[in-house]
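Report on the structure given below.
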Protein chains: 2
Amino acid sequence: MLEKKRLFEHFASAQGLRSTRQRDIILDVFLSTHQHSSVEELYLKIKQSNPGIGHATVYRTLKLFAEAGIAREIHLHDGQTRYEQTTAGEHHDHLVCTSCNSIVEFENATIEKLQEEIAARHGFLIKNHKLELYGLCISCRK
Amino acid sequence: MLEKKRLFEHFASAQGLRSTRQRDIILDVFLSTHQHSSVEELYLKIKQSNPGIGHATVYRTLKLFAEAGIAREIHLHDGQTRYEQTTAGEHHDHLVCTSCNSIVEFENATIEKLQEEIAARHGFLIKNHKLELYGLCISCRK
DNA sequence: CTTGCTGCAAACAGTTTGCAGAACT
DNA sequence: AGTTCTGCAAACTGTTTGCAGCAAG
């Protein structure tokens, strides 16, 4: 958490970016928020402490966070961009409930390894991946 | 291919849908087109044989195909909806080249099984899944 | 004081919708 | 004839961009 702030500060100064009130606030809210927030959710939360803020600033700043490596964009099937905190460099994937929209994360090393094998078989170099399982979570199955 | 047409006809009559020139054309083009076409690509192709066609009709009709079970929507990271033909009921996943946008399909039964295991562990019922590996294809790696 | 950042509004891209007229059945 | 479908244009959603003024260095 604190280390994320330092990471961003480092990135910012390396890029000659300025430190502004808005960026601080957006960073605080982003770090304190549950995972997978949509831009709109973050925007509304940020607005509470900083009423005059514009959508554009939030969009621009989240994009910066992604460049700085402290946030990762995720795209689910609902046409909204979400951001999650990067957790120390490894992938995790998502179980997405299509009924209540809850999201559970998981990791599976075997799947990762299989992906690499498949890629290798095709001469493909993986930069990134996305695995999402859509369905009903335990409480929505009834 | 022919059986897809029958499938759609069956669906259409069951739903009380009408058979129209546009739907026939869109179906023909869709079935004859390489996989993973974006709506715009399909629209442009359809326009050749049917100049006056509107975007809306293409969008509406592709959605119908998806409901009828002969097409499947896919969403890559570029903000466009694509459609692919459903191939006899099973999943396949995608290797997406971020440089030339080529798409290679693959299937892996072991990954599928692992997904089920993970879901079971969370009491989750999978309806659908999405696995995409982004990176550089063999020719773009140089 | 210089340059980057913000907020606003307008622009955009992809998709959806309302509606009058056309076309199936 | 009755109703669904089409094409058009306008509406919509999520996101980006241009720009004048503000603020950090």
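In the text below, chain A, chain B and the rest are named by the order of the sequence lines, each starting its count at 1. Note that the coordinates shown come from a computational prediction; the quantities given were computed from them, not determined experimentally.
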Counting only side-chain nitrogens and oxygens, does [X] get under 4.0 Å of the OP1 or OP2 atom of [N]?
{"X": "B:K63", "N": "C:dT16", "result": "yes"}
{"X": "A:Q15", "N": "C:dG4", "result": "no"}
{"X": "B:T57", "N": "D:dC5", "result": "no"}
{"X": "A:Q80", "N": "D:dT15", "result": "no"}
{"X": "A:T20", "N": "C:dG4", "result": "no"}
{"X": "A:T81", "N": "D:dG14", "result": "no"}
{"X": "A:Y59", "N": "D:dT16", "result": "no"}
{"X": "A:R23", "N": "C:dT6", "result": "yes"}

Give the ring-plane orientation class for B:F30 versus B:Y83, where under 30° counts as parallel, over 60° as perpendicular and anything between as tilted.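 Answer is perpendicular, since the angle exceeds 60°.
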
Applying the side chain to side chain donor-acceptor pair (under 3.5 Å) test to B:D78, which of B:Q80, B:H75, B:R82 qualifies?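 Going through B:Q80, B:H75, B:R82 one by one, the side chain to side chain donor-acceptor pair (under 3.5 Å) with B:D78 is satisfied by B:R82 alone.
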
In whole Å, what is the span from the [atom1] atom of [X] to the [atom2] atom of [N]?
{"X": "A:E9", "N": "D:dG25", "atom1": "CD", "atom2": "P", "answer": "12 Å"}
{"X": "A:E41", "N": "D:dG14", "atom1": "CD", "atom2": "P", "answer": "12 Å"}
{"X": "B:K47", "N": "D:dC8", "atom1": "NZ", "atom2": "C1'", "answer": "12 Å"}
{"X": "B:L62", "N": "C:dG14", "atom1": "CG", "atom2": "P", "answer": "15 Å"}
{"X": "B:D78", "N": "C:dG14", "atom1": "CG", "atom2": "P", "answer": "9 Å"}
{"X": "A:L17", "N": "D:dA23", "atom1": "CG", "atom2": "C1'", "answer": "15 Å"}
{"X": "B:R21", "N": "C:dA23", "atom1": "CZ", "atom2": "C1'", "answer": "10 Å"}
{"X": "A:E40", "N": "D:dT15", "atom1": "CD", "atom2": "P", "answer": "9 Å"}

Please compare A:I53 and B:S19 by the position of their nearest nucleotide in DNA chain C and report the one closer to 5'.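 That would be A:I53.
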
Would you state whether a donor and an acceptor, one from the side chain of B:R18 and one from the base of D:dT3, lie under 3.5 Å apart?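 Such a pair is found, so the answer is yes.
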
Has B:K45 got a side-chain atom pairing as donor or acceptor with B:T33's backbone, closer than 3.5 angstrom?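 Side chain of B:K45 to backbone of B:T33: no pair is present.
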
Report yes or no: does B:T61 contribute a side-chain atom to a donor-acceptor pair with the main-chain N or O of B:V58 at less than 3.5 Å?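 A pair under 3.5 Å: no.
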
Base, sugar-phosphate, or nothing: which does A:G52 touch, judged by heavy atoms less than 4.0 Å apart?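 A:G52: backbone/sugar contact only, no base atoms under 4.0 Å.
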
Are B:D24 and B:K5 ion-paired here, with the side-chain N under 4.0 Å from a carboxylate O?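 Salt bridge absent between B:D24 and B:K5.
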
